[in-house]
Amino acid sequence: MILSGQEIAAARQRGEIEIEPFYTAQLNPNSYDFCLAPKIIEISPKADQPVEIDVDPNGHLLLPGRLYLGCTSEVIGSANYATTLLGRSSIGRLGLFLNITADLGHCGATSQWTLEMTVVQPLRIYAGMRIGQVAFWMQLGKPTSYSGRYHRDLGPQLNRDRPLSAGLSDDSQRQ
Amino acid sequence: MILSGNEIEKAVAAGKIVIDPFDPARLGPNSYDFSLGNRCKTYTSPELDARLHNETVEREIGDDGLMISPSRLFLVNTHERMGSTHYVPIIRGRSSTGRLGLFIDITADLIDIGSINQWTLQLHSIIPIRIYPGMVIGQVTFWVVKGEIAPYRGKYGDLRSPVGSLSHLDFSQGEDSNSALVDG
């Protein structure tokens with residue numbers, strides 16, 4: 001079952017959901033709108049290293065063919081409900097993807113969620129804009145708490161798996 | 001909980017789900033296959049701005065179809081008028097369209113409860129693909145809600161044509177003055 005907006009607010013009151021800061025005006029019928037934090041990381045095939053960008057008040061132009069890691073202004077999570085992250089239709093209509101088929105949050109992971117942003121057409125975005133939404137889901141069975149590497153993250157986070165090349169060399173050593 | 005196909009059919013008969021036109025043959029085990037409408041909007045400028053009104057142009061998709069190029073976004077309505085005041089609809093592509101590299105939404109798969117209209121699909125393709133009005137393009141699932149329901153009263157009303165983004169209204173209204181429940 002997916003929580004209604006009113007149930008999200010009630011669960012937050014009960015301490016079962018964390019959303020900070022929280023404004024009731026950002027509640028939807030079945031989700032909560034979150035905002036974009038000002039710092040993003042650009043990953044481009046043309047650059048050797050990821051580049052950190054502070055989105056200034058005049059916005060920042062996202063370009064197709066690049067990956068941008070942003071994060072939510074809000075700290076979001078729940079130990080009681082599964083969380084899914086999605087875009088808003090207003091933003092989807094502008095061609096901005098907010099995640100790359102990785103929309104399921106881990107129950108128990110509370111953080112400023114990293115957004116995996118990519119655009120179809122060039123799009124100017126702004127810090128603080130309402131960019132996406134989270135929905136909360138009941139689960140069947142005893143909750144298994146998340147103890148992974150992205151818990152309590154603040155700010156956008158790069159992938160922390162070992163680089164693919166390192167993994168390949170490990171495999172070759174084993175052989 | 002997700003509704004079974006049988007339960008979707010019952011809810012349509014009971015008026016709890018709207019799918020119009022409705023064809024029982026389109027029911028899957030847990031979803032309903034919907035088809036593509038014939039009206040398409042594209043943005044006139046290649047460069048978009050979330051804070052501004054981005055001009056669109058609307059065209060009718062004829063029987064010869066429409067080529068979806070990877071570099072542009074195409075907003076096309078569903079043929080069916082759909083929605084529910086009892087269950088949350090979530091849309092997705094079909095594996096047949098996914099195998100062609102066609103996205104039908106841009107990470108915006110959740111439809112607000114109470115939003116009943118011909119939904120705007122956000123079409124984006126990895127490789128060029130020609131699409132046709134009336135083709136079966138996606139599926140909708142329906143989910144049970146926990147908690148009291150306050151239906152959608154947002155900025156996209158009962159509309160039949162695809163609608164461009166109204167994200168600029170978020171900025172003009174300010175962040176804290178949206179007392180109404182605003183949709184995605």
Side-chain angles (χ1 to χ4, degrees), chain A residues 1-11 23-31 33 35-36 58-59 61-62 64 81 84-101 103 115-117 119-126 128-133 135-138 140, chain B residues 1 41 43 45-52 54 70-73 75 87-88 90 103 105-115 119-120 122 124 143-156 162-171 175-184:
Chain A
M1 280 196 285
I2 183 171
L3 269 56
S4 71
Q6 300 193 19
E7 192 64 24
I8 292 171
Y23 300 103
T24 51
Q26 285 170 224
L27 275 173
N28 299 313
N30 290 93
S31 63
D33 280 349
C35 300
L36 178 69
N58 294 320
L61 189 66
L62 305 184
Y81 302 98
T84 53
L85 183 145
L86 54 152
R88 302 171 63 224
S89 90
S90 292
I91 304 304
R93 288 170 210 232
L94 292 172
L96 173 62
F97 287 86
L98 277 198
N99 69 73
I100 311 281
T101 61
D103 60 348
L115 309 172
E116 301 128 13
M117 301 190 292
V119 290
V120 176
Q121 297 181 215
L123 172 67
R124 185 167 294 277
I125 59 162
Y126 299 85
M129 68 183 279
R130 280 158 66 159
I131 200 162
Q133 45 185 333
F136 296 90
W137 300 81
M138 309 268 291
L140 178 67
Chain B
M1 265 192 300
K41 273 204 169 104
Y43 292 102
S45 166
E47 190 175 309
L48 307 175
D49 190 320
R51 194 160 67 180
L52 303 179
N54 297 281
S71 59
R72 297 296 295 271
L73 183 67
L75 304 175
Y87 304 104
V88 176
I90 296 183
F103 287 87
D105 72 271
I106 309 245
T107 55
D109 58 352
L110 182 76
I111 308 289
D112 281 322
I113 203 161
S115 169
W119 296 330
T120 299
Q122 301 129 21
H124 166 56
W143 300 79
V144 178
V145 179
K146 176 175 169 56
E148 198 177 324
I149 295 167
Y152 172 74
R153 291 182 282 121
K155 54 189 179 283
Y156 300 95
V163 182
S165 174
L166 299 177
S167 91
H168 59 284
L169 296 179
D170 295 337
F171 292 85
E175 291 302 323
D176 295 328
S177 62
N178 291 325
S179 55
L181 292 167
V182 176
D183 89 324

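Because the structure is predicted, anything quoted here is derived from the model rather than measured. The chains referred to below are lettered A, B, ... by the order of the sequence lines, with proteins before strands, and numbering in each begins at 1.
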Handout entry: Segment of A:Leu96 engaging chain B (4.5 angstrom heavy-atom cut-off)
Key = backbone

Exercise for the section: Can you establish whether the number of heavy atoms outside B:Met1 located under 6.0 Å from its atom CE is more than 12? Expected result: no

Handout entry: Main-chain N/O of B:Leu73 paired with A:Gln121 side-chain donor or acceptor, under 3.5 Å
Key = yes

Exercise for the section: Look at B:Ser165, B:Gly114, B:Gly147 and state which one has the largest set of heavy-atom pairs under 4.5 Å with chain A. Expected result: B:Ser165

Completion exercise
Under 4.5 Å to a heavy atom of chain A? For B:Pro70 that would be backbone

Handout entry: Under 3.5 Å: donor-acceptor pair, side chain of A:Arg88, backbone of A:Arg130
Key = yes

Exercise for the section: Could you look at A:Thr101 and say if it's the side chain, the backbone, both or neither that has a heavy atom under 4.5 Å from chain B? Expected result: neither

Exercise for the section: Go through B:Val163, B:Ile111, B:Leu52, B:Leu166 and name the one with the most non-hydrogen pairs under 4.5 angstrom from chain A. Expected result: B:Val163

Practice task
Report yes or no: do B:Ser167 and B:Asp170 form a side-chain donor-acceptor pair below 3.5 Å?
Solution key: no

Practice task
Counting only heavy atoms closer than 4.5 Å, note whether A:Phe97 contacts chain B via side chain, backbone, both or neither.
Solution key: both

Exercise for the section: Test B:Thr107 against every option in A:Leu86, A:Asp103, A:Asn99 by the side chain to side chain contact (heavy atoms under 4.5 Å, CB included) rule and name the one that passes. Expected result: A:Asn99

Problem - Options A:Leu3, A:Val119, A:Leu94, ranked by heavy-atom pairs under 4.5 Å with chain B, top entry - result: A:Leu94

Practice task
Under 4.5 Å heavy-atom distance to chain A, tell me which part of B:Val88 shows up: side chain, backbone, both or neither.
Solution key: side chain

Exercise for the section: State whether the side chain of B:Gln122 and the backbone N or O of B:Ile106 hold a donor-acceptor pair below 3.5 Å, judged by distance alone. Expected result: yes

Problem - A:Glu7 side-chain N/O to B:Lys146 backbone N/O, donor-acceptor pair under 3.5 Å - result: no

Practice task
Would you mind telling me which of B:Asp109, B:Leu75, B:Asp49, B:Ile113 has the largest number of heavy-atom pairs within less than 4.5 Å of chain A?
Solution key: B:Asp49

